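Below: one structure, written as structure tokens.
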Amino acid sequence: MYRYLERRLATSVARFLRGRYGLEIEPFAIEQPPKPELGEYALPLAFELAKKLRNSPRKIAEEIVVGVGPIEGFRRLEVAGAGYINAHVDRAAVALALARDQQDSDGPPAQQKILVEHSSINPNKAAHVGHLRNAILGDTFVRLLRYAGHTVDVQNYIDNTGVQVADVVVGFLHLEKKTRLEIEQLARQPGFDHYCWDLYAKVSLWYEEDSSGKAIRLDVLHQIEQGGNDTAAVADLISTAVLRRHLETMQRLDIEYDFLPRESEILHLRFWESAFAKLKDSGVLVFETQGRNKGCWVMRRAGTLRPRSAEDIEAAGQELPEEDQKVIVRSNGTVGYIGKDIAYHLWKFGLLGRDFGYQPFFRYPGGHQCWISAERGQPEHPHFGGVRQIYNVIDSRQAEAQNTVIEALRGLGCGEAADHYTHFSYEMVALTPRCAMELGYRLSDEEKARPYIEVSGRRGFGVKADDLLDTLMASARQEVDSRHGQLPDSERQEIARQISIGALRYFMQKYTKSSVIAFDFKDALSFEGETGPYAQYAVVRATNIFRKGGMDADAFANQLVSNLTLSELEPFLATQAGNEIWELWLVSAKTAYVVEQSIAATEPAYLAKHVFQLAQCFNTFYHRHPILAETDAAKKRFLLATAAVVRRELVRALGMMGISVPPVM
RNA sequence: GGGCGCGUAGCUCAGAGGAUAGAGCAUCUGCCUUCUAAGCAGAGGGUCGCGGGUUCGAUUCCCGCCGCGCCCUCCA
């Protein structure tokens, strides 16, 4: 609604500017005035035009206000300040449309499938807070896209043949001298991923102390990549068990996947062969015959194409400077991970000419089936890949690698695919020095002085996802017990679960992507202020009003759709006194607009801010208007309608954040 | 050295050409006989890293510095 009116306003003003002055200056800025009584939209347009039209901003604004004439859905335009044009909407009409839950119709959404890749955790140890940020951002983005009407496939890429898995295999076979049977037994234990966490740190330490380690690692890695041997079997056993643990951890947060493509299939189904041929033919890859990278197939690293003078290019010829090279195929003939990634992404866009086999892997309690790649799959399976648009939720440290893959696609003549390849880049989760010390890690003086310290799997340094969830759960449970001791244990448990998830998911989404999260238990465990539970609590309060009043909140909201009339809203919104409550309706009307912004900017934090604003406005309203005590029947109905609509929008927006609301708190 | 990002209140962060720079936490002062205080109201707290430039207007855009982080391996 908000978005729709903004467009209508822009079109009308643009039409006038064209007709009256012959000006084409769309798009122009449309912002929100600082106070509700100043209207819903503000155009600073006249300031810009002042010089062009040789007139004062105020005069121009007046001319525009008079000239544009009436716009459907708007009460009036007026000049304010030194030359702002403020637009006032027809409040009651907007509110009625909102109460009726009328969605802006942009025509049918494009039914093109979108592919979102997120999580992609190395299956060699337990997931940590950094992985949680990735998965939560990715999952919320999926929910946003689905809310906007898109069909989305969720993929979680599994690097089950890389060095990280090899390291843990080295740990089991060479350090702990475990047999395959013993590893199998361990892998069935509940905390297997946590066991691997410690083992991985132990192996990393051992490499530093024992120089023979690196050679063993290389040998193990080669055997894993090759497949069809005992070492590879052990690696598969370990990575599959850890993967299951990761899926279970994410399940705790209501995060599910559709498909798990594995690197082992990318290798064994020879995806690279097809990609390599294309890359050579198109000249994206060149064979280096001298210098450091002699004998390798290399390509230009993304971001190194600097504008150079003609002479420079002449002198350098076709040569790619060594520092701008990225090795894709090593001199021993093996492929690096960017090469595999290029092949994988050609598959995503349906440009590779090969496909995975598919096997069912994990069934979620709701019945949803998650598939995994296989060399020989089932004949019947859903179709994955071959999409037109993709989003990769990968942290910013891989920006250059991601851009290199995009440039490879472009170089292959797949510009269309490259344009629809979005690296959903976000900053890492680090620990505050205080948090690191609380966890018992020794820090150097230099580290203590830093604002944050990077998590390191190699050092076993970080906060494990399950541990954080457990801590949050215990803390929430304590709060629930202190308030609702009379409720049965299972109910208290479920409420605590919802609150702990709400706290965690909100925490991970309230920061913008470009901000490093310096993790601290104090902030993450907070249930007050700008947090998930704050927003959940606002909904619970709204629910309570209806319950105490002998009504059902959802039923009431549903009735409004057909029941409510313009004349019931008009008297309470069109007045000065209505400003404060109108703000609540206005913020509620913005949900669709915020969703659009969040998707366009790949920024879930916009949605989190919106949720908080809604909850905050509602709490103020709640405090100022004792609804059930209201004696004026018409006013009471209006206040109830307000509560019902805000509640609906809050539940909806929280749902997109993957946060559900308990019945009581 | 090159690339990317960050620097805003004591702390953690929003804001990205426009109206008086915001929020949460922390500190202090009030408010539970009321639809639940996981809440509300209020107070203090700012040379928006520094210096230039563009503009009617810059915390926001451009340039140059300074500080911090990440990436730049025939690792993934």
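No hydrogens, no waters, no symmetry mates; every other heavy atom, side chains included, goes into these values. Only a predicted model underlies this, so the values are computations on that prediction, with no experimental measurement involved. Residue numbers begin at 1 in each chain, while the letters A, B, ... track the order of the sequences.
- Distances shown here put a side-chain N or O of A:T620 below 4.0 Å from the OP1 or OP2 atom of B:rA41.
- Salt bridge status for A:R300 with A:D324: present, with a side-chain N to carboxylate O gap under 4.0 Å.
- Salt-bridge annotation for A:R292 and A:E322: present, with a side-chain N of the basic residue lying under 4.0 Å from a carboxylate O of the acidic one.
- In a base pair of the Watson-Crick type (N1 to N3 plus N6-O4 or O6-N4) or a G-U wobble (N1-O2 and O6-N3), with each distance short of 3.5 Å, B:rU33 is matched with no nucleotide.
- The phosphate of B:rG24 has OP1 or OP2 within less than 4.0 Å of a side-chain N or O from A:Q616.
- Distance check on atom P: B:rU60 versus B:rA9 gives 15 Å, rounded to whole Å.
- Counting to the nearest Å, the P atom of B:rA76 and the CZ atom of A:R458 are 12 Å from each other.
- When the P atom is compared between B:rG52 and B:rA58, the two are found 14 Å apart, to the nearest whole Å.
- The shortest distance between the side-chain N/O atoms of A:Y534 and the OP1/OP2 oxygens of B:rC40 is below 4.0 Å.
- Checked against B:rG5, B:rC35, B:rA38, the side chain of A:S514 finds its nearest nucleotide in B:rG5.
- Applying the 3.5 Å distance criterion, the base of B:rA76 shares no donor-acceptor pair with the side chain of A:D341.
- Taking the nucleotide of RNA chain B with the nearest heavy atom to each of A:E427 and A:V664, the more 5' of the two is matched to A:E427.
- Among the atoms of the strands shown, none is found under 4.0 Å from any heavy atom of A:G295.
- Here B:rG69 sits opposite B:rC4 as a Watson-Crick or G-U wobble pair (both hydrogen-bonding atom distances under 3.5 Å).
- Remark: A:R450 is not in phosphate contact with B:rC68, judged by side-chain N or O atoms under 4.0 Å from OP1 or OP2.
- Pairing partner, B:rA16: none, since no Watson-Crick or wobble contact has both distances short of 3.5 Å.
- Nucleic acid contact class of A:R292 (heavy atoms, under 4.0 Å, all strands): base.
- Within 4.0 Å of A:Q164, counting heavy atoms only, lies no atom of the nucleic acid at all.
- Look at the C1' atom in both B:rG7 and B:rU47: the space between them is 15 Å, to the nearest Å.
- With distances taken from any side-chain atom of A:E263 to the nucleotides B:rC68, B:rA76, B:rA19, the minimum falls on B:rA76.
- Only the P atoms considered, B:rG42 is 23 Å distant from B:rU36, to the nearest whole Å.
- A straight line from NE2 of A:H623 to C1' of B:rA37 spans 10 Å, rounded to a whole angstrom.
- In this structure, the CD atom of A:E323 is 11 Å from the C1' atom of B:rC72, given to the nearest Å.
- Straight-line distance between the P atoms of B:rG30 and B:rA16: roughly 38 Å, to the nearest whole Å.
- OP1 or OP2 of B:rU36 sits under 4.0 Å from a side-chain N or O of A:N544.
- Backbone-only contact: A:E454 has heavy atoms under 4.0 Å from sugar-phosphate atoms and none from a base.
- Of the candidates B:rA19, B:rC68, B:rA38, the closest approach to any side-chain atom of A:P33 belongs to B:rA19.
- Dashed line: the shortest gap from a side-chain N or O of A:K548 to OP1 or OP2 of B:rU36 is under 4.0 Å.
- A:I499 comes within 4.0 angstrom of a nucleotide base, judged by non-hydrogen atoms across all strands.
- If you measure from atom CD of A:Q32 to atom C1' of B:rA19, you get 13 Å, rounded to the nearest angstrom.
- Here the straight-line distance linking atom CG of A:L267 with atom CD of A:E225 works out to 6.0 Å at 0.5 Å rounding.
- Comparing the C1' positions of B:rG46 and B:rA14 gives an interatomic distance of 15 Å, to the nearest angstrom.
- In plain terms, the two heavy atoms of A:E263 and A:N160 that are nearest each other are N-OD1, 3.4 Å.
- If you check every strand for non-hydrogen atoms under 4.0 Å, A:Y511 touches sugar and phosphate atoms only.
- For the P atoms, the distance from B:rG24 to B:rG44 is 15 Å, rounded to whole Å.
- Within 4.0 Å (heavy atoms only), A:K326 reaches no atom of the nucleic acid at all.
- Between B:rA37 and A:R541, a contact under 4.0 Å exists linking OP1 or OP2 to a side-chain N or O.
- With a glycosidic angle further than 90° from 0, B:rC70 counts as anti.
- Checked against B:rG39, B:rC72, B:rG69, the side chain of A:N619 finds its nearest nucleotide in B:rG39.
- For B:rC74, the base has a donor-acceptor partner in the side chain of A:S331 [N/O atoms by modelled type, under 3.5 angstrom].
- As rounded to whole Å, 14 Å separates atom C1' of B:rA21 from atom CD of A:E31.
- When heavy atoms are screened at a 4.0 angstrom cut-off, A:Y606 is found touching the sugar-phosphate backbone but no base atom.
- A cation-pi arrangement is present between A:K513 and A:F424, with the terminal nitrogen or guanidinium carbon under 6.0 Å from the aromatic centre and inside a 45° cone about the axis.
- Distances shorter than 4.0 Å separate some side-chain N or O of A:K51 from OP1 or OP2 on B:rC56.
- Residue contacts for A:A82: at a heavy-atom cut-off of 4.0 Å it reaches no nucleic acid atom on any strand shown.
- Nearest to the side chain of A:L628, among B:rA38, B:rC35, B:rC74, sits B:rC35.
- Nearest-nucleotide positions on RNA chain B place A:A80 closer to the 5' end than the other of A:R624 and A:A80.
- Judged by distance alone with a 3.5 Å cut-off, a donor-acceptor contact links the side chain of A:K35 to the base of B:rU20.
- By the 30° and 60° cut-offs, the orientation of the rings of A:F519 relative to A:F521 is perpendicular.
- Among the heavy atoms of the strands lying under 4.0 Å from A:K294 is at least one base atom, whether or not backbone atoms are also near.
- A distance of 12.0 Å separates CG of A:N293 from CZ of A:R330, quoted to the nearest 0.5 Å.
- Using a 30° and 60° split on the angle between ring planes, A:W197 and A:H128 fall in the perpendicular class, above 60°.
- Contact annotation: A:R330 side-chain N/O to B:rC75 OP1/OP2 distance is under 4.0 Å.
- A:E322 places its CD atom 10 Å from the P atom of B:rU73, with the value rounded to the nearest Å.
- Seen from the ring of A:Y207, A:R217 counts as a face-on cation partner, given the 6.0 Å and 45° thresholds.
- Considering only side-chain N and O atoms, A:Y537 lies under 4.0 angstrom from the phosphate OP1 or OP2 of B:rA38.
- Using a 4.0 Å heavy-atom criterion, one finds that A:F546 contacts no nucleic acid atom at all.
- A ring pair (Phe, Tyr, Trp, His ring centres under 6.0 Å) with A:F276 holds for exactly one of A:W297, A:F287, A:F271; it is A:W297.
- With P as the reference atom, B:rC48 and B:rU59 are 7 Å apart, rounded to whole Å.
- Using Watson-Crick or G-U wobble geometry with both donor-acceptor distances under 3.5 Å, B:rA58 finds no partner in any strand shown.
- If you take CG of A:D395 and P of B:rG69, they are 17 Å apart, rounded to a whole angstrom.
- When heavy atoms are screened at a 4.0 angstrom cut-off, A:H484 is found touching base atoms of the nucleic acid.
- If you take CE of A:M665 and C1' of B:rA37, they are 13 Å apart, rounded to a whole angstrom.
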